[in-house]
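Input: a single structure, listed below in structure tokens.
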There are 2 protein chains.
Amino acid sequence: MNKPVPNDGTVGKALQVLDLVASLGRPVRFTELLRLSDFPKASLYRFLQTLTNQGMLSYDPKNQSYAPGLRLVRLAHSAWRQSSLAPVASPYLDALAKEVGEAVHLAQLDHGHVLFVDKRKGTGNFDTLAAAGKVAPSYCTGVGKAILAFMPAAPRNLALQQQAFLKYTPATHDTIGGLENELRSVRQEGIAFDREEHETGIISIAAPILIDQKTVVGALSIATSTSRHKLSDLKAYRSVLLTTANQIANAASTWQFPTQN
Amino acid sequence: MNKPVPNDGTVGKALQVLDLVASLGRPVRFTELLRLSDFPKASLYRFLQTLTNQGMLSYDPKNQSYAPGLRLVRLAHSAWRQSSLAPVASPYLDALAKEVGEAVHLAQLDHGHVLFVDKRKGTGNFDTLAAAGKVAPSYCTGVGKAILAFMPAAPRNLALQQQAFLKYTPATHDTIGGLENELRSVRQEGIAFDREEHETGIISIAAPILIDQKTVVGALSIATSTSRHKLSDLKAYRSVLLTTANQIANAASTWQFPTQN
DNA sequence: AACTGATTTCCATTATTTGGAACCAATTTA
DNA sequence: TAAATTGGTTCCAAATAATGGAAATCAGTT
């Protein structure tokens, strides 16, 4: 009668709670969570207990609030090293950032959203997790469109359904049709642009990372602000961007884990 | 009769599986996990299913292997921002790294282990193995000892129980007594050293981050290699290290989250 | 085609989760 | 000072979901 989301069992529900806490981005108290979720009081309470003493959440007794726990940071380290392109791509990002002197982003798709897995700052050094883990919509970012454009139709349509199509700026696509048109041209040119679609004043040029020229596994972008560059300036990076994306693709496809015989 | 580890229910078990996969640091196949865990085949299988379609694990159908999933990276981002010292400490790390030109590490204690939450590279491109999310033993690292020394007795003893006391190098403490002796002197001097106890050739000087001169919330270290510096050289950093640790402590205690009205 | 080892599914039994309601503690209101 | 309100925690019988032995399926080999 009521299976609105096909949860997988207790674990699924617990993770739902975890997500909720994480999504709020600040410590939350029990009552607030109770309002936001639709778990009964006792159940929610038990989930929080369990998650907390598993280290997935941390609890501050002083102001009785929950926040995501450090165990997640530990786990994410493995995830980042194994399941993301970041470790393989790292040297190429270094080189690209050095060459162009602008911010460089590496992203992958996760549940229809863009997940940044690494970046290089425009000027100098990088912060690891500061950028890694950040999410953004895919319909209005360079990397997002680059990935969407090169996905097989079936998963792409699924991903398109998940887009919120909020109009962040005047330039943001707010219809699925408009986006699909652009994706077609992205597919032809092999490059996507962010024309201040997510944040006013921020533009980027992005290329998909294609393994065997076919399977898209992520995207790479050079981003800057309109105060430093015009969109037309970015087009000059097309070639170096495509080259780097290709290098990363090669490195990624070559680098297989020793599957322990 | 058999509750060797007081698991919290299904969620606990699932997380145990997640940890197992993460700890291996490479994609693993079903059978290997079956050997390593002591779950019955069908149960393990279901856990993997659940975790996978929750995005906590990723599954590679090609070689039938499991790895930690990207959802963790997403979740960890919130955890890192909210529950770690990293965001507040960031500018101070920048300044310190710039001033001393050596690798700087910021760490916190998690279940008795040192968890690195941020770092800055030294000028020399010696990439110490530590990145955000990386864990290390606390009994043989500068940051670990700095934290342990300043913890209240009760949790410290608990943490000490959790130490493996593996003898990584000739200098590693391998008895709880030896470590306790050193912690006493660390407490007096306000500073801890790593004298090649974890990795041969790597030394560090570390200071605890103490809120209100009392509660230790993490530690800060300057690390280098014996090929560049002697231990005595590091002592010169004592003062700047303590100052920075203090600044971070102040920033951390001041910065309270808006607890929502 | 038969064999082998790994992976996946089945299903009756069992153990765990569930959630309404009672309870407790601290703070606010009368 | 007492009563009421709010926020958090515990109980326990009923409902549900997890369990795991065994059997079926699948992918390589010989």
Side-chain angles (χ1 to χ4, degrees), chain A residues 1-21 24 26-54 56-67 69 256-261, chain B residues 1-21 24 26-54 56-67 69 256-261:
Chain A
M1 184 208 279
N2 44 1
K3 286 199 178 180
V5 182
N7 269 340
D8 358 42
T10 316
V11 177
K13 292 178 205 163
L15 291 177
Q16 195 178 316
V17 172
L18 183 60
D19 247 4
L20 178 60
V21 175
L24 295 173
R26 58 182 163 73
V28 252
R29 315 204 17 176
F30 179 81
T31 317
E32 188 174 1
L33 290 172
L34 187 57
R35 272 209 312 279
L36 293 171
S37 77
D38 37 22
F39 291 109
K41 206 195 267 200
S43 305
L44 179 62
Y45 181 72
R46 257 177 290 106
F47 284 134
L48 290 171
Q49 291 290 51
T50 305
L51 289 170
T52 300
N53 72 52
Q54 286 291 327
M56 302 297 278
L57 289 179
S58 70
Y59 179 67
D60 175 4
K62 185 179 164 92
N63 27 358
Q64 298 175 114
S65 62
Y66 296 88
Q256 290 294 37
F257 283 94
T259 321
Q260 168 93 327
N261 67 70
Chain B
M1 182 205 280
N2 43 1
K3 286 200 178 179
V5 182
N7 269 342
D8 354 41
T10 316
V11 177
K13 292 178 207 164
L15 292 177
Q16 194 178 318
V17 172
L18 183 60
D19 248 3
L20 179 60
V21 175
L24 295 175
R26 60 183 161 73
V28 251
R29 315 205 14 179
F30 180 81
T31 315
E32 189 174 2
L33 290 172
L34 186 57
R35 271 208 314 278
L36 292 171
S37 76
D38 36 23
F39 291 109
K41 206 192 270 197
S43 306
L44 179 63
Y45 181 72
R46 256 177 291 106
F47 283 134
L48 291 170
Q49 291 290 49
T50 304
L51 289 170
T52 300
N53 72 51
Q54 285 291 328
M56 302 295 279
L57 288 179
S58 69
Y59 179 67
D60 175 4
K62 186 180 163 87
N63 27 359
Q64 298 175 115
S65 61
Y66 297 88
Q256 290 293 41
F257 284 94
T259 320
Q260 168 92 321
N261 78 60

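Every chain is numbered from 1, with letters handed out A, B, ... down the list of sequences. The structure displayed is predicted, hence computed values, not measured ones.
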Checklist entry - Under 4.0 Å between a side-chain N/O of B:K13 and OP1 or OP2 of D:dT19, yes or no? => result yes

Checklist outcome for this item: Sorted by position of nearest nucleotide on DNA chain D, 5' first, the leading residue of A:V11 and A:F30 is A:F30

Checklist entry - When the distance from CZ of B:F39 to P of D:dT19 is rounded to whole Å, what number comes out? => result 8 Å

Next on the checklist: When you measure from the side-chain N and O atoms of B:R46 to the phosphate of D:dT19, is any distance below 4.0 Å, counting only OP1 and OP2?
Outcome noted: yes

Checklist entry - In whole angstroms, how far is the C1' atom of D:dT19 from the CG atom of B:L44? => result 13 Å

Checklist entry - Taking only N and O in the side chain of B:R29, is any of them less than 4.0 Å away from OP1 or OP2 of C:dA6? => result no

Next on the checklist: From C-beta outward on A:A42, which listed nucleotide comes closest to its side chain: D:dT9, C:dG20, D:dT19?
Outcome noted: C:dG20

Next on the checklist: Can you tell me how the ring of A:Y45 sits relative to the ring of A:F30, calling it parallel under 30°, perpendicular over 60° and tilted otherwise?
Outcome noted: perpendicular

Item to check | D:dA18 phosphate, OP1 or OP2, under 4.0 Å from B:S43 side-chain N/O | outcome: no

Checklist entry - What does A:T31 touch in the nucleic acid at a heavy-atom separation under 4.0 angstrom: a base, only the sugar-phosphate, or nothing? => result sugar-phosphate

Checklist entry - Roughly how far apart are B:L33 CG and B:S65 OG, rounded to 0.5 Å? => result 10.0 Å

Item to check | A:D60 CG - D:dG7 C1' separation (whole Å) | outcome: 16 Å

Item to check | Gap between atom CG of B:L57 and atom OG1 of B:T52 - 0.5 Å precision | outcome: 4.5 Å

Item to check | Integer-rounded Å distance: C:dT8 P and B:N53 CG | outcome: 13 Å

Checklist entry - Phosphate oxygens OP1/OP2 of D:dA17: is one of them under 4.0 Å from a side-chain N or O of B:T10? => result no

Checklist entry - Below 3.5 Å, does any donor atom in the side chain of A:K41 face an acceptor in the base of D:dG8, or the other way round? => result yes

Item to check | Rounded interatomic separation in angstrom, taking CG from A:L48 and C1' from D:dT10 | outcome: 15 Å

Next on the checklist: Can you measure A:Q49 atom CD to C:dT16 atom P for me and round it to whole angstrom units?
Outcome noted: 18 Å

Checklist entry - Taking atom P of D:dG20 as reference, at what distance in whole Å does atom CG of B:L34 sit? => result 12 Å

Checklist entry - Roughly how many Å is it from CG in A:L51 to P in C:dT17, rounded to a whole number? => result 13 Å

Checklist entry - Going by the angle between their ring planes, with limits at 30° and 60°, are B:F39 and B:F47 parallel, tilted or perpendicular? => result perpendicular

Item to check | Nearest-0.5 Å distance that lies between atom OG1 in B:T10 and atom NZ in B:K13 | outcome: 5.5 Å

Next on the checklist: I want to check one thing: is the phosphate of D:dG8, taken as OP1 and OP2, less than 4.0 Å away from some side-chain N or O of A:Y45?
Outcome noted: no

